[in-house]
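Here's the structure, in structure tokens; my notes come after.
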Amino acid sequence: MRGARFADEADYWGAEVPESGELRSRMHAELRDKLRLGRPLRVYLGVDPTSTDLHVGHFVPLQKLRRFQDLGHQVVFLIGDYTATIGDPSEQTSERKRLTHEHVLELAGNYTEQAYRILDPARTEVRYNGDWLGKLSFADVIELASIFPMKQIVARRDFQRRMEQGESLRFHESLYALMQGYDAYMLKCDVQVGGYDQHFNMLAGRAIQEHFGDPPHVMLTNPLLIGTDGRKMSKSYGNVINVHDAPGDMYGKTMRMADEHIQAYLELTSSLASDAIDAEVQRLQDGANPMEVKKRLAFDLVRQYHGEAAADEAAETFRRVVQRQEVPDEVPEVMVPSHLLGATWVDLCAGLDLSASKAEARRLMRQGGFYVEQTPVKDTEARAEIPPAGVLLRLGKRRYYRLLPGA
RNA sequence: GGGGAGGUUCCCGAGCGGUCAAAGGGGACAGACUGUAAAUCUGUUGGCUGAUGUCUUCGGAGGUUCGAAUCCUCCCCUCCCCA
């Protein structure tokens, strides 16, 4: 993994930006100075728990934190229990749904557990920003707000876009950066890591730290990981690789991604060393079959999260099921209740929720995507025969079920 | 608070009394192609039905009409301009 770099992409800041190269080299210099302090640095990453699962994109900054830990530094993992109830407007195209605090705390539990797949718990301090943000008075908020020229708040690219496009934009959304900036000040950290989308919030942190007489933190940002289809990674697009995905899913999702995105994934998600990544990228440019490179990537991903054996198995399953169209080893078994035993396939699929409706099952049949023991069944009136040994059902390219007569 | 524009099926968006389960695009699903994919092409995309058909759907509640997504009333929500 590599790819984390110093803040640049300065156009995020809107009009009032230093040259990107300038900010970047300043961060370099500041980090160098901090490292000369001769003490472990405090490095923090803040995450707002807004969903149940972390995806591989979240792991980019976590890997970075781990590197710091390995070098003897102290990591602070900040759970944005308070900020999550407001919602980070960064890179949003419309107003976010607000979450309740109870819900957020529930999600937070998953987050730390998943983060510890990468972080060393012994050298991780977990904090909740509700502990201080919840105690600010209105006067405190006013003081924080006074630090920022209105022009800077309004100049944000994401806000500008929403205003131009007539999307809803609410006042509280502009307060988000204040909250996150205050976190940075409260945590007394030397470095903050995060995605490019956090650029504005991190700068706000520096402004607040300086306002209160603290040295500003170094910003370390990484490119955002795109989804497997090249769009923004988002659960609603179904282009997300979750850390919790089963080995086979994780491998399959990786293989299904467009060839153009291989490099981004190699750089941001793989555990390969820098020169190994370069070698793979070179292979691609030399005209190697992208599938081979992708397989290496898929294997590496599964290995990181599920171990070597699972990765071997996932690779083998892919070879057999997808490439040779053979039946996978593990096919989910579905018991067919007795009242559906003599039914048509259509009724059976709808009754067992294998298809959303009878119409959908018929559609599949008519389109040739309905197979019984690998033979297409097109007759929508055909009745299902379920022998005691069971029967293999395949819907579309790779949804397999073994149907067994049940009670 | 005043004035204006809107809320349509998973999303965007057309429709503005019947011919509307509602154009078009996106997404999704299936098939063809293929080196995994992507791209491309074809088809499908509310439920029940073999099919004619029928039921539910166009922010919410009422109303007008033989008939409403389309007209009227009230309400809720969003955006824009002004204060």
Side-chain angles (χ1 to χ4, degrees), chain A residues 92-98 154 159-173 226-241 248-266 280 283-284 286-302 311 314-326 328 343-351 353-372 374-383 393-400:
Chain A
Q92 295 297 306
T93 54
S94 58
E95 202 177 331
R96 296 183 79 130
K97 283 195 295 283
R98 310 260 315 253
V154 173
F159 283 6
Q160 283 289 320
R161 193 184 303 133
R162 281 166 64 181
M163 287 191 276
E164 275 162 24
Q165 304 194 338
E167 290 289 340
S168 143
L169 177 64
R170 303 248 159 205
F171 188 42
H172 74 271
E173 298 184 69
I226 47 172
T228 51
D229 59 356
R231 291 184 287 174
K232 180 185 161 193
M233 194 180 257
S234 154
K235 209 191 315 186
S236 54
Y237 290 151
N239 61 4
V240 173
I241 300 178
D249 275 353
M250 198 177 262
Y251 197 97
K253 283 181 181 179
T254 308
M255 293 307 291
R256 246 167 277 136
M257 95 169 114
D259 292 347
E260 309 78 280
H261 307 127
I262 296 177
Q263 187 172 347
Y265 271 76
L266 274 173
E280 292 298 329
R283 272 219 293 162
L284 282 174
D286 292 343
N289 184 344
M291 181 178 68
E292 296 305 326
V293 179
K294 219 186 280 181
K295 277 185 170 177
R296 174 138 190 220
L297 172 66
F299 181 88
D300 179 73
L301 270 182
V302 179
E316 179 53 27
T317 301
F318 181 83
R319 212 167 291 133
R320 292 203 12 236
V321 177
V322 179
Q323 296 192 275
R324 285 191 235 125
Q325 301 234 352
E326 290 171 18
T344 60
W345 286 113
V346 169
D347 286 335
L348 190 141
C349 284
D353 280 333
L354 302 182
S355 64
S357 64
K358 293 185 186 180
E360 191 181 284
R362 265 187 220 109
R363 219 173 282 141
L364 253 185
M365 286 182 144
R366 273 195 276 264
Q367 293 178 148
F370 192 100
Y371 308 81
V372 175
Q374 300 296 63
T375 308
V377 173
K378 294 206 169 192
D379 176 8
T380 53
E381 289 303 295
R383 290 192 174 273
L393 184 67
R394 177 179 144 211
L395 306 179
K397 272 197 171 58
R398 55 180 163 268
R399 282 172 63 202
Y400 286 93

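Order of the sequence lines fixes the chain letters, A, B, ..., with proteins taken first and strands second; residue numbering starts at 1 for each chain.
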Q: Hey, could you give me the CG/OH distance between A:Asp300 and A:Tyr265, rounded to the nearest 0.5 Å?
A: 14.0 Å
Q | Atom pair distance, as rounded to whole Å: CD in A:Glu360 and P in B:C29 | A | 11 Å
Q: Would you indicate which nucleotide in B:U78, B:A37, B:A30 comes nearest to any side-chain atom of A:Leu364?
A: B:A30
Q. With both distances kept under 3.5 Å, what pairs with B:C10, Watson-Crick or G-U wobble?
A. B:G26
**Q.** Complementary nucleotide of B:C79, counting Watson-Crick and G-U pairs under 3.5 Å
**A.** B:G4
Q: Determine the minimum heavy-atom distance between A:Tyr400 and A:Val321, stating which atoms define it.
A: CE1-CG1, 4.1 Å
Q: Using the C1' atom on both, measure B:A32 against B:A23 and round to a whole Å.
A: 28 Å
Q) When rounded to the nearest Å, what value does the distance between P atoms of B:U56 and B:C74 take? A) 28 Å
Q: Measure from CG on A:Asn239 to C1' on B:G27 and round the result to the nearest Å.
A: 12 Å
Q: Rounded off to whole Å, could you give me the CG-to-P distance for the A:Asp259 and B:U36 pair?
A: 11 Å
Q | Residue A:Asn289, side-chain heavy atoms: nucleotide from B:G35, B:G31, B:U44 that is nearest | A | B:G35
Q. If you look at every strand shown and take non-hydrogen atoms under 4.0 Å, does A:Met257 touch a base, only sugar-phosphate, or nothing?
A. sugar-phosphate
Q: Sticking with atom P, work out how far B:A38 lies from B:G31, rounded to a whole angstrom.
A: 13 Å
**Q.** Spacing of A:Lys397 atom NZ relative to B:U36 atom C1', expressed in whole Å
**A.** 12 Å
(Q) What contact category does A:Phe370 fall into here, base, sugar-phosphate, or nothing, at under 4.0 angstrom with non-hydrogen atoms? (A) nothing
Q: Of all the heavy-atom pairs spanning A:Cys349 and A:Phe370, show the shortest one and how long it is.
A: SG-CE1, 3.6 Å
(Q) Strictly under 4.0 angstrom, non-hydrogen atoms only: write out the protein contact profile of nucleotides 49-56 of chain B, one letter per nucleotide from the 5' end, B, S or -. (A) SS------
Q | For A:Thr254 against A:Lys294, the heavy-atom pair lying closest together | A | O-CD, 3.2 Å
(Q) Expressed as a whole number of angstroms, how long is the span from A:Gln367:CD to B:U44:C1'? (A) 4 Å
Q. Hey, are the side chains of A:Val377 and A:Met365 touching, using non-hydrogen atoms and a 4.5 Å cut-off?
A. yes
Q.
What's the gap between B:G47 and B:A21 when it is taken at their C1' atoms, as a whole Å value?
A. 11 Å
Q. Hey, is the side chain of A:Arg363 poking within less than 4.0 Å of OP1 or OP2 on B:A28, counting only N and O atoms?
A. no
(Q) Could you report the tightest heavy-atom contact between A:Lys253 and A:Val240, atom names first, then the distance? (A) NZ-O, 2.9 Å
Q. In the strands shown, is B:G50 matched to any nucleotide by a Watson-Crick or G-U wobble pair with both distances under 3.5 Å, and which?
A. none
Q) Choosing from B:A37, B:G35, B:C79, which nucleotide comes nearest the side chain of A:Met291? A) B:G35
**Q.** B:G7 to B:A14 separation - C1' atoms, rounded to the nearest Å
**A.** 15 Å
Q) Rounded to the Å, how far apart are A:Ile262 CD1 and B:A37 C1'? A) 8 Å
Q | B:G1 versus B:G67 - spacing of their C1' atoms, nearest Å | A | 41 Å
Q. Which heavy-atom pair separates A:Leu297 from A:Ile262 by the least distance, and what is that distance?
A. CD2-O, 4.2 Å
(Q) Over all strands shown, is A:Tyr371 touching base, sugar-phosphate only, or nothing at heavy-atom distances under 4.0 angstrom? (A) sugar-phosphate
Q) Is A:Arg283 salt-bridged to A:Glu280, cutoff N-O under 4.0 Å? A) yes
Q. If you measure from the C1' atom in B:U45 to the same atom in B:U57, how many Å do you get, rounded?
A. 15 Å
Q) Taking a pair as Watson-Crick or G-U wobble with both distances under 3.5 Å, which nucleotide is matched to B:A21? A) none
(Q) Going by purine N1 to pyrimidine N3 plus the second Watson-Crick contact, or the G-U wobble pair, all under 3.5 Å, which nucleotide sits opposite B:U40? (A) B:A32
Q | A:Asp353: partners by side-chain hydrogen bond (donor to acceptor under 3.5 Å, both in side chains), with sequence neighbours left out | A | none
Q. Of A:Arg398 and A:Gly368, whose closest RNA chain B nucleotide lies nearer the 5' terminus?
A. A:Gly368
**Q.** Identity of whatever pairs with B:C16 - Watson-Crick or G-U, under 3.5 angstrom
**A.** none
Q: Grab the NZ-P distance between A:Lys378 and B:G43 for me, whole Å please.
A: 15 Å
Q. When you compare B:G6 with B:G15, how far apart are their C1' atoms, in angstrom units rounded to a whole number?
A. 15 Å
Q: Could you state the atom-to-atom distance from NE2 of A:His261 to C1' of B:A37 in whole Å?
A: 11 Å
